[in-house]
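To keep things clear, I will list the structure first and then write my remarks on it.
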Amino acid sequence: MTGVCAGRIALVTGAAGGIGRASAVALAQAGARVMVADVAACDETVALIKNAGGEARALTVNVADEQAVARMVSATVEAFGGLDIAFNNAGVAGVFTKTHDYPADDWARVIAINLTGVWHCMKHELQHMLKAGGGSIINTASVAGLVGMGHAAAYSAAKAGVIGLTKNAAMEYARNNIRINAVCPGGVRTNMTESADHSLPGFLDRLAKLEPMGRVAAPEEIASAVVWLASDGASFMTGHALPVDGGYVAR
Ligand SMILES: NC(=O)c1ccc[n+]([C@@H]2O[C@H](COP(=O)([O-])OP(=O)(O)OC[C@H]3O[C@@H](n4cnc5c(N)ncnc54)[C@H](O)[C@@H]3O)[C@@H](O)[C@H]2O)c1
């Protein structure tokens, strides 16, 4: 396929659905060969990419497990012969409760997946990209890492941490031809927000009302920013935490 990512090899975590799936499909449509990884099955994502004429393979990973992440990166390099683009996107919502009530086990789980998981991915992707001479890493943060949300202590801490990890690494590798950015989505209709809507009826409506545009995003609206950050069109972008949020943080 031709496009702004033609000839590139991409790895996407959290690719079984939502923002990860839409981004894997968009990267493939832009010409990348894509390894889709998730703790859940990615068959549907692979089928979507293949049906659109792209190339994809899938593997199972728990990003909280560093050895599994190391194997994921090696398997991607072995399968496709390199790694140019990494979208570290896997994440969980955590429980919705105030800080004084937040359960310690859920805190540990959310930090392990949403923050330590991104660090695991970056660590092993960077080892390869340093040897290969370059690359582009995009991490999924959130508007919750930029502004206060409420009822999301572990999630907000993890997403603010992802922005810190992104900026720190951008400084470290700016002269190694490796760009590292984060996307900060506002409300997006995915399994994550639909499940929250199920347990807290009206959640998606309330999220839409908080958005200046009066609606939540489709995953594809985040994916197009990911493709741009991955591409040479963003060649002078590094260390950025880019809100893709319908104006949420501008309020
Ligand atoms: N939906 C929103 O409104 C919104 C807003 C801001 C940021 N985000 C972030 O976007 C990212 C994608 O979420 P989404 O909204 O597409 O939801 P989603 O639930 O559709 O996707 C998250 C994916 O991550 C996978 N995953 C969970 N734990 C994992 C683990 N330990 N190892 C590997 N994979 C794991 C899930 O199986 C799932 O496929 C997350 O990091 C989320 O925090 C979402």
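In listed order, ligands and their atoms are each counted from 1.
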(request) For Thr140, take its heavy atoms, then give the atoms of ligand 1 lying under 4.0 Å from any of them. (result) 9 (C), 10 (O), 11 (C), 41 (O)
(request) Tell me, please: is Gly187 in heavy-atom contact with ligand 1, that is, under 4.0 Å? (result) yes
(message) Suppose I only count heavy atoms of Ala141 and a 4.0 Å limit; which atoms of ligand 1 are within that range?
(response) 7 (C)
(message) Thr140 and side-chain hydrogen bond (donor to acceptor under 3.5 Å, both in side chains): which single residue from Asn89, Asn88, Thr13 fits?
(response) Asn89
(request) Answer side chain, backbone, both or neither: which part of Val92 comes under 4.0 Å from ligand 1, heavy atoms only. (result) side chain
(request) Could you give me the CA-CA distance, side-chain angles and deciding distance for Val61 and Val39, then say whether side-chain contact (heavy atoms from CB on, under 4.5 Å) is met? (result) CA-CA 5 Å; Val61 72; Val39 78; over 6 Å; no
(request) Answer yes when Lys123 and Glu66 have at least one side-chain N-carboxylate O distance shorter than 4.0 Å, and no when they do not. (result) yes
(request) Begin with the C-alpha distance, continue with both residues' side-chain angles, and end with the deciding distance and a verdict on side-chain contact (heavy atoms from CB on, under 4.5 Å) for Arg21 and Leu48. (result) CA-CA 9 Å; Arg21 174 188 288 166; Leu48 280 170; 3.6 Å; yes
(message) How far is atom 14 (P) of ligand 1 from the closest protein heavy atom, and which atom is that?
(response) Thr190 OG1, 3.4 Å
(request) Using non-hydrogen atoms of the residue, decide whether Thr193 is closer than 4.0 angstrom to ligand 1. (result) yes
(request) Return the residue, atom name and 0.1 Å-rounded distance of the protein heavy atom closest to atom 3 (O) of ligand 1. (result) Val188 N, 2.8 Å
(request) Pick whichever of Ile19, Asn62, Asn89 has a heavy atom sitting closest to atom 30 (C) of ligand 1. (result) Asn62
(request) Look at Arg251 together with Asp245 and state whether they make a salt bridge at an N to O cut-off of under 4.0 Å. (result) no
(message) For the 3.5 Å polar cut-off, considering only N or O atoms, please tell me whether Ala40 and ligand 1 meet it.
(response) no
(request) Look at atom 22 (C) of ligand 1 and say which protein heavy atom is nearest, naming residue and atom and giving the distance to 0.1 Å. (result) Gly91 O, 3.6 Å
(message) Is there a path of hydrophobic side-chain contacts, each under 4.5 Å between heavy atoms, that joins Leu27 and Ile19?
(response) yes
(message) List ligand 1 atoms under 4.0 Å from Gly14, heavy atoms only on the residue side.
(response) 23 (C), 24 (O), 25 (C)
(message) Return the CD1 to CG distance between Ile178 and Leu126, rounded to the nearest 0.5 Å.
(response) 5.5 Å
(request) Could you grab the distance from atom OG of Ser156 to atom CG of Leu146, nearest 0.5 Å is fine? (result) 10.5 Å
(request) Identify the protein heavy atom lying closest to atom 6 (C) of ligand 1, giving its residue, its atom name and the separation to 0.1 Å. (result) Pro185 O, 3.4 Å
(message) Check for me whether Gly186 has a heavy atom closer than 4.0 Å to any atom of ligand 1.
(response) yes
(message) Quick test of your reading of the model: are Glu211 and Arg206 salt-bridged, counting only N-O distances below 4.0 Å?
(response) no
(request) Answer yes or no for Cys184: is there a heavy-atom contact with ligand 1 below 4.0 Å? (result) no
(message) Closer than 4.0 Å to some heavy atom of Tyr155 - which atoms of ligand 1 meet that?
(response) 6 (C), 7 (C), 8 (N), 9 (C), 42 (C), 43 (O), 44 (C)
(request) Can you see which heavy atom on Val227 is nearest to which on Ala30, and at what distance? (result) CG1-CB, 3.9 Å
(message) Just checking Met213: does its CE atom have more than 12 heavy atoms from other residues, nucleotides or ligands closer to it than 6.0 angstrom?
(response) no
(message) Does ligand 1 come near enough to Ala15 that some N or O of the ligand is less than 3.5 Å from an N or O of the residue?
(response) no
(message) Below 3.5 Å, N or O to N or O, backbone or side chain included: is there any such pair between Ser142 and ligand 1?
(response) no
(request) May I ask you to check whether Ala64 has an N/O atom sitting below 3.5 Å from an N/O atom of ligand 1? (result) no
(request) Might you work through the side-chain contact (heavy atoms from CB on, under 4.5 Å) test for Glu194 and Leu204, ending with a clear yes or no? (result) CA-CA 7 Å; Glu194 278 174 351; Leu204 267 167; 3.9 Å; yes
(message) Return the closest protein heavy atom for atom 32 (N) of ligand 1 as residue, atom name and distance.
(response) Val63 N, 3.0 Å
(request) Pull out every atom of ligand 1 sitting under 4.0 Å from any heavy atom of Gly18, numbered as shown with elements. (result) 16 (O), 20 (O)
(request) Pick, from Glu194, Met192, Arg189, the option with the minimum heavy-atom distance to atom 13 (O) of ligand 1. (result) Met192
(request) State, without any angle test, whether Thr166 and Asn139 hold a side-chain donor-acceptor pair at a distance under 3.5 Å. (result) yes
(request) Run the numbers for me: atoms of ligand 1, each under 4.0 Å from some heavy atom of Ile113, listed by number. (result) 28 (N), 31 (N)
(request) State whether Arg109 and Asp106 are salt-bridged, where the test is any N-O pair (Lys NZ or Arg NE/NH1/NH2 against Asp/Glu carboxylate O) under 4.0 Å. (result) yes
(request) Select the closest option to atom 25 (C) of ligand 1 among Val110, Asp38, Val39, judged by heavy-atom distance. (result) Asp38
(request) Any atoms of ligand 1 less than 4.0 Å from a non-hydrogen atom of Val61? List them with their elements. (result) 32 (N), 33 (C)
